[in-house]
Structures are given as C-alpha cells and as structure tokens.
Amino acid sequence: LLPAEYPSISDVKFAAKYIPMDIVGGDFYDFIKINDNELGIFISDVSGHGVPAALITSMIKVAATSVNKTSLRRPSKFFEIINETLFDKTATNFITAFYGIYNKENKTFKYSNAGHCAPIYYDSNDNTTHKMETDGIVLGAFEGVSFEEKKVQINSGDKIILYTDGLVETMDFNRNQYGLRGLQDFIEKNNECPIGQLVHELYNDVFEWMPSSSSFEDDIVIIGLDFK
C-alpha cells in the first residue's frame, strides 16, 4: 500500500520511515501527483491494530485515489469527499488524517487536518518550529462536516515533519511521553541534518526514550520534507 519510491521534485528532498507494531497496521501515507506543479502529501492513522485496521487503511487508499483532480487541489474539499465516502463504514474505528499540497511554482504549502497530530513546520528564518493545526474532526464519524484550510509560504531551508501519534506517545520508564515538545526540540537542534539523516536520528532518539526491555506500543510513521 505504501509508496515504492519518493517523488522527483527538484527543490524538495523526501524521507520516510514506517515501523509497524504488527505484520499489518493502520498507519498509511502516500504521495499524490496532482499535476506538474502540485504534489499532495497524505498521512492517516486508523485506531486499533492488525487486520481490521489494515482493511480500513485499504478503503482509505481507494477513496483517496478516487478523488477527482479538482478536489485534490483543495485539502478541505478532499477531506469532505473522503469523509462522505467513509461515513458509517468503519465500525468502531476512527480515522485521523492530514493532507497537504506543495506548489513548487509559488512555494506554498496548503493543508487541512482531520483530527490528526499536527505536523511540525520548521521555519529556517528564525530556527523555530510551529504546529500545523486546523479545525477538523476525525473522518467517517459524522456526515456533512467541513474542514479548515491554511497555507504557509515556504522558504529555502524550511522543513516539514509529518508523523503518527505512536511517535510522540512513546513512553519512558516512568511513563512519560516523548511528546510534542520533545519532537520540536529535536528538530530545532538537528535542523542542519540532511532530511534522511534527521528522520533516521529522530527514530533512534524515540527508540532510546523507551526502556531497553520495551517495544513500540503503536505503529509509527515519520515523513520528512526538506525544501531547497
């Protein structure tokens, strides 16, 4: 289900890491080529684990690839369509997701968030990180919902890190979570790393956060975008 290769865009470097808790899981990501100028980045997380979550993930992939080109260019509209497609089809599971679109011509990244943990935007101008939050609830639970859409101007040196909640909810020996602050601190301290190295070292940092006898309690996806 996951992409076999990264998109080829001259001014963006990509990296991704997927760590499933079971053989199959409910975390998913995809790169969606909209046209020669715009690329969609999608990430989702289905509650639960194993085969039930994986089946819903398959439904999400089918729904996302069925959205028409016009709606693919609007994250808010994209989620409205996905929500209606999935409504009343996910039993007791719920779905969080984030969808963003990079426009390489005007250097913008517009996005909507459907109840998903907020990706982190690293602003190279002042070495600060910001949560990419919008109003939006989980997918498939209610009919007729709308989703807020925001846009950020991208500069050379900026980065965006997308992830699923298994990353920030990883606990240490005292049951303290790695947390959003831990993630932001790591990105700010390691901002000069190539994106592949940053994603790899982030995974190592979270792994070392756990007690040595423990294993991850949830699937984890990390996606990094580095803008040149």
Side-chain angles (χ1 to χ4, degrees), residues 1-3 14-32 40-65 67 75-76 78-101 111-121 131-142 145 147-148 150 160-171 177-180 182-184 187 199 202-203 206-207 209-210 215-225:
L1 287 175
L2 299 178
F14 298 89
K17 193 169 186 65
Y18 172 48
I19 307 97
M21 192 184 77
D22 296 320
I23 295 175
V24 292
D27 287 10
F28 173 71
Y29 69 93
D30 202 4
F31 303 109
I32 305 170
I41 298 95
F42 177 80
I43 186 171
S44 64
D45 186 356
V46 179
S47 63
H49 307 286
V51 174
L55 290 174
I56 295 173
T57 299
S58 297
M59 293 169 53
I60 295 170
K61 180 175 178 63
V62 171
T65 55
V67 174
S76 55
F78 174 86
F79 275 144
E80 288 176 12
I81 293 172
I82 297 294
N83 183 70
E84 293 304 309
T85 302
L86 297 177
F87 175 68
D88 207 26
K89 295 183 178 68
T90 60
T92 58
N93 298 82
F94 62 88
I95 304 157
T96 68
F98 177 94
Y99 179 58
I101 300 170
Y111 59 94
S112 291
N113 195 325
H116 195 76
C117 38
I120 301 300
Y121 164 63
K131 295 182 289 184
M132 303 181 77
E133 298 177 309
T134 66
D135 290 334
I137 63 171
V138 297
L139 298 171
F142 302 97
V145 296
F147 298 86
E148 184 183 15
K150 291 183 179 180
I160 293 176
I161 303 295
L162 302 88
Y163 58 97
T164 53
D165 59 6
L167 181 77
V168 292
E169 292 177 0
T170 296
M171 295 186 180
Q177 292 186 346
Y178 187 81
L180 191 59
L183 173 59
Q184 290 180 261
I187 295 169
V199 168
L202 173 58
Y203 165 75
V206 174
F207 185 81
W209 182 263
M210 294 189 302
S215 58
F216 289 116
E217 298 178 0
D218 197 0
D219 303 332
I220 293 177
V221 168
I222 309 169
I223 304 171
L225 286 70

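Model, not experiment: these values are computed from the prediction.
Across all non-hydrogen atoms, the minimal contact from Glu80 to Val145 is CG-O, 3.7 Å. Taking each heavy atom of Ala63 and Thr85 in turn, the nearest pair found is CB-CG2, 3.9 Å. Across every non-hydrogen atom of Tyr178 and Leu167, the tightest pair is CB-O, 3.9 Å. Nearest approach of Ile120 to Gln184, heavy atoms of both residues: CD1-CG, 3.8 Å. Residues Cys117 and Asp165 approach most closely at SG-N, 3.5 Å, considering heavy atoms. Here the closest heavy-atom approach between residue Val199 and residue Ala15 is recorded as CG2-CB, 3.9 Å.
Within the structure, side-chain hydrogen bond (donor to acceptor under 3.5 Å, both in side chains) contacts touching residues 86-99 (residues at least two apart or in different chains) are Thr96-His116.
Judged purely by atom type and a 3.5 angstrom limit, Thr134 uses its side chain to pair as donor or acceptor with the backbone of Asn113. Proximity of a side-chain donor or acceptor of Tyr163 to a complementary backbone N or O of Ala118 within less than 3.5 Å is detected. Under a 3.5 Å cut-off, the side chain of Ser44 and the backbone N or O of Ala97 do not form any donor-acceptor pair.
Taking the side chain as every heavy atom from C-beta outward, Leu183 and Leu202 approach each other to under 4.5 Å. Side-chain contact between Ile82 and Val67: present, with at least one pair of heavy atoms (C-beta onward) separated by less than 4.5 Å. Using a 4.5 Å cut-off on side-chain heavy atoms (C-beta onward), Ile60 and Leu139 make no contact. Residues Phe94 and Ile137 are not in side-chain contact: their nearest non-hydrogen atoms beyond the backbone lie 4.5 Å or more apart.
Classification of the Phe147-Phe79 ring pair by plane angle, with boundaries at 30° and 60°, yields tilted.
In this structure, OH on Tyr121 lies 15.5 Å from CD on Glu133, to the nearest 0.5 angstrom. Here the CD1 atom belonging to Ile19 is positioned 5.0 Å from the CD1 atom belonging to Ile222, to the nearest 0.5 angstrom. One distance of note links OG1 of Thr164 with OH of Tyr29; it measures 11.5 Å at 0.5 Å rounding. To the nearest 0.5 Å, atoms NZ (Lys61) and CE (Met59) are separated by 15.0 Å. Rounded to the nearest 0.5 Å, atoms CG (Asp45) and CG (Asp219) are 7.0 Å apart. Atom CE of residue Met132 and atom OG of residue Ser112 lie 10.5 Å apart, to the nearest 0.5 angstrom.
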Start with the C-alpha distance between Leu225 and Leu162, add both sets of side-chain angles, then the distance that settles side-chain contact (heavy atoms from CB on, under 4.5 Å), and finish with yes or no. CA-CA 9 Å; Leu225 286 70; Leu162 302 88; 3.6 Å; yes
If you apply the rule side-chain contact (heavy atoms from CB on, under 4.5 Å), what do you find for Ile160 with Ile223, and how did you get there? CA-CA 8 Å; Ile160 293 176; Ile223 304 171; over 6 Å; no
Please lay out, stage by stage, how Phe28 and Ile43 fare under the test side-chain contact (heavy atoms from CB on, under 4.5 Å). CA-CA 6 Å; Phe28 173 71; Ile43 186 171; over 6 Å; no
side-chain contact (heavy atoms from CB on, under 4.5 Å) assessment of Lys17 paired with Val221: CA-CA 6 Å; Lys17 193 169 186 65; Val221 168; over 6 Å; no
